[in-house]
Amino acid sequence: QLQVVESGGGLVQPGGSLTLSCAAPGFTLDNYAIGWFRQAPGKEREGVSCIDRSGNSTYDRDSVKGRFTISRDTAKNMVSLRMNNLKPEDTAVYYCAATTHATVRAMCIRPDVNDYWGQGTQVTVSS
């Protein structure tokens, strides 16, 4: 069964940048649509950015457009989320998830349709 692993979280000042990575040792991530999700304390999990298997189609929630970029690195078998101009409201646990049966828009809007989830990585934006 696919297991995805997140890395790259941490503490950053407002306006700073972080890159999160999603890997799946022993599996080919190109066979899955991949999404990044986040959950802040007391809030529901929400889709942030999602990418299809080819890497040609992405979906971003409005609040991160122009700041976050999701991309695939086939050679490294990874999916990354580059986060620029981070804001305190971006603070959350960030999760990587994968599916084979949903569009990028659907998987981002409805986190429950995703099949495989990582354990999450904490991102804290604070001065």
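In what follows, residues are counted from 1 in the order of the sequence shown.
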Say whether, by atom type as modelled, one donor and one acceptor occur between the side chain of [X] and the main chain of [Y] under 3.5 angstrom.
X	Y	result
Asp52	Ser57	yes
Glu6	Thr121	no
Ser80	Arg82	no

Going by heavy atoms in the side chains, are [X] and [Y] under 4.5 Å from each other?
X	Y	value
Val4	Gln119	no
Arg67	Met83	no
Tyr95	Gln39	yes
His101	Asp115	yes

When you group the ILVMFWY residues by side-chain heavy-atom contacts below 4.5 Å and let the links chain together, are [Y] and [X] in the same group?
X	Y	result
Val123	Val79	yes
Ile70	Val48	yes
Leu20	Val12	yes
Leu2	Trp36	yes

- Evaluate whether atom CD of Glu44 has more than 12 neighbouring non-hydrogen atoms of other residues, nucleotides or ligands under 6.0 angstrom away.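 It does not: Glu44 CD has 12 such atoms or fewer within range.
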- Query: Under 6.0 Å from the CD atom of Gln3, do we count more than 12 heavy atoms belonging to anything else shown?
  - Reply: no
- Query: Rounded to the nearest 0.5 Å, what separation is found between the CZ atom of Arg72 and the OG1 atom of Thr58?
  - Reply: 11.5 Å
- Item | Pairs involving residues 48-83, ordered by first then second residue, that meet disulfide bond (SG atoms under 2.5 Å apart) (sequence neighbours left out) |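 Qualifying pairs, neighbours excluded: Cys50-Cys108.
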- Output every pair passing disulfide bond (SG atoms under 2.5 Å apart) with a member in residues 14-48, not counting sequence neighbours, ordered by first then second residue. Cys22-Cys96
- Task: Quick one: sort the Tyr32 and Tyr116 rings into parallel, tilted or perpendicular, breaks at 30° and 60°.
- Result: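 Tyr32 and Tyr116: perpendicular rings.
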Please find the pair of heavy atoms, one from [X] and one from [Y], that lie closest to each other, and give the distance.
X	Y	answer
Met107	Thr99	CE-CG2, 3.7 Å
Val64	Ser49	CG2-OG, 4.1 Å
Arg61	Gly47	NH1-O, 2.7 Å
Ala97	Phe37	CB-CE1, 3.6 Å
Ser21	Met78	CB-CE, 3.3 Å
Ser126	Pro14	C-CD, 3.6 Å

- Between Arg105 and Tyr59, is any side-chain donor less than 3.5 angstrom from a side-chain acceptor? no
- Query: Looking only at side chains, do Thr28 and Asp30 share a donor and an acceptor under 3.5 Å apart?
  - Reply: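 No, Asp30 and Thr28 have no side-chain donor paired with an acceptor closer than 3.5 Å.
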- Test Ile51 against every option in Leu81, Leu29, Asp60, Ile34 by the side chain to side chain contact (heavy atoms under 4.5 Å, CB included) rule and name the one that passes.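 With Ile51 as partner, side chain to side chain contact (heavy atoms under 4.5 Å, CB included) holds for just one option, Ile34.
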- Query: So, Asp90 and Lys87, do they make that salt bridge, N to O below 4.0 Å?
  - Reply: no
- Item | Arg45 NZ/CZ over Trp117 ring centroid, <6.0 Å and within 45° of normal |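 Yes, a cation-pi geometry holds between Arg45 and Trp117.
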